[in-house]
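Following: one structure in structure tokens, then a few remarks.
Counting starts at 1 for both ligands and their atoms, in listed order.
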Amino acid sequence: MYCVREVVENLYWIGGNDHRTHLFENIHPIPYGVSYNSYILLEEETCVFDAVDWSITRDYLDNIEHCLNGRKLDYFICNHLEPDHCSSMFELFVRYPECKVVATEKAFMMMHQFGYKIDGHEQIKVKEGDTLKIGTHTLTFVEAPMVHWPEVMVTLDLNNGVLFSADAFGSFIALDGKLWNDDVDYRRDWLDEARRYFCNIVGKYGPHVQLILGKAAGVLDKIKYICPLHGLIWRSDHMLLIDKYNHWSTYTPEEKGVLIVYASMYGGTENAAQCLASKICEKGVTNVTVCDVSNTHVSYLIAHAFKLSHIVFASVTYNLNIYPVMLNFLEEMKLLNMQNRICAIVENGTWVCKSGDLIEKFLNEELRGMTVLNERLSLASTLHKEKAVELDNLAQAIVDSMAEVSTDVGKPAA
Ligand code: FEO
């Protein structure tokens with residue numbers, strides 16, 4: 001049975017939801033599923049915008065067949081060629097051999113790399129600023145390289161103000177019948193997963209996201225609907241989304257607050273992390289998140305790190321090195337270009353304590369814009385009450401340094 005939703009006159013959502021895949025890109029957990037969005041414009045000519053993941057291809061083809069109702073498909077526009085959107089193209093092209101394919105030059109190159117058979121189709125290469133008429137609609141194409149692959153473009157329909165934004169402004173979480181941003185309590189139920197999606201998928205490419213936001217700013221008055229390839233369609237509150245993207249893509253914290261990530265083998269470092277959290281809260285800063293690095297998927301740690309202004313690394317020494325899972329978190333931060341946070345260190349070692357110096361070295365030499373507080377809490381195996389002053393000093397230094405933080409994009413600290 002088909003399952004489609006009208007977006008605006010003559011434009012329909014024809015995507016689907018996936019609750020079976022456990023790991024997005026085979027790496028990021030998606031406990032609430034994910035949607036793969038595709039759209040069809042039914043005018044004097046017909047046009048599909050992007051395809052879907054192979055996992056929902058059967059439903060997708062049913063949706064297209066229902067919408068076309070015997071008509072032919074004239075155009076297929078590929079904004080993004082990653083297989084979570086394009087693996088079903090193969091079947092689409094078999095069923096609609098006459099459809100013209102519209103994409104950037106790089107996307108066509110990648111279609112050949114992936115082995116999608118497009119040789120029998122008319123291929124229309126487009127670039128920044130090109131336009132295409134579909135019936136009475138004029139589409140304009142805007143290149144958006146590295147948001148999130150190099151071949152990406154976004155498409156703006158100048159007639160109805162629909163922006164087909166590819167991965168940009170998308171989110172984890174399956175739609176499950178919902179369609180619009182105002183169908184849900186976005187801040188309560190979607191923002192965390194939208195942040196985790198952005199930071200882990202596109203986080204590395206902040207400057208490229210800034211570039212596309214700059215282009216969007218020039219035509220903001222023309223954009224009425226934002227239709228991403230994952231998650232909800234935006235018909236209101238665009239500035240909320242743009243504000244979040246501005247924070248994330250400039251590595252500006254959204255909130256003053258502390259992420260304490262601990263690596264603990266037998267509970268000593270865990271106890272120290274909890275004591276520190278308690279002290280910080282006691283001093284009035286209660287926006288504190290504590291995570292065990294060993295049982296929190298790194299994608300969640302990255303999302304917390306993007307959100308908050310401070311990160312405390314509390315780690316045991318392991319084989320004279322940083323605990324491997326903590327090292328993985330640090331490496332992931334480096335990979336995603338994470339920067340501009342105030343950091344503090346809690347170190348532990350039973351025979352020898354090396355983790356603190358090594359973490360500080362990593363933060364200073366491998367990441368950009370990380371400020372490491374001078375105060376450090378060092379323990380041998382467990383936190384003894386003789387360390388109460390050291391603990392208090394570290395908590396106070398963290399609280400005091402909140403004044404150095406600005407959560408305004410582009411504005412210096414007060
Ligand atoms: Fe949803 Fe970059 O693919």
**Request:** Taking Asn287 for its side chain and Val258 for its backbone only, find out whether a donor-acceptor pair lies under 3.5 Å.
**Result:** no

**Asked** Does Lys127 pair with Glu105 as a salt bridge, N-O distance under 4.0 Å?
**Response** no

**Item:** Listed once per pair and sorted, the ring pair (Phe, Tyr, Trp, His ring centres under 6.0 Å) pairs that draw on residues 123-158, sequence neighbours left out
**Value:** His80-His148, His80-Trp149

**Within residues 291-312 or reaching into it, pairs that qualify as ring pair (Phe, Tyr, Trp, His ring centres under 6.0 Å) - sequence neighbours excluded** = Tyr251-Phe306

**Asked** Does atom CZ of Arg187 have more than 12 heavy-atom neighbours, drawn from other residues, nucleotides or ligands, at distances under 6.0 Å?
**Response** no

**Asked** For atom 2 (Fe) of ligand 1, how many protein N, O or S atoms come closer than 2.8 Å?
**Response** 4

**Fill in**
For Arg341, the side-chain hydrogen bond (donor to acceptor under 3.5 Å, both in side chains) test, sequence neighbours excluded, returns none

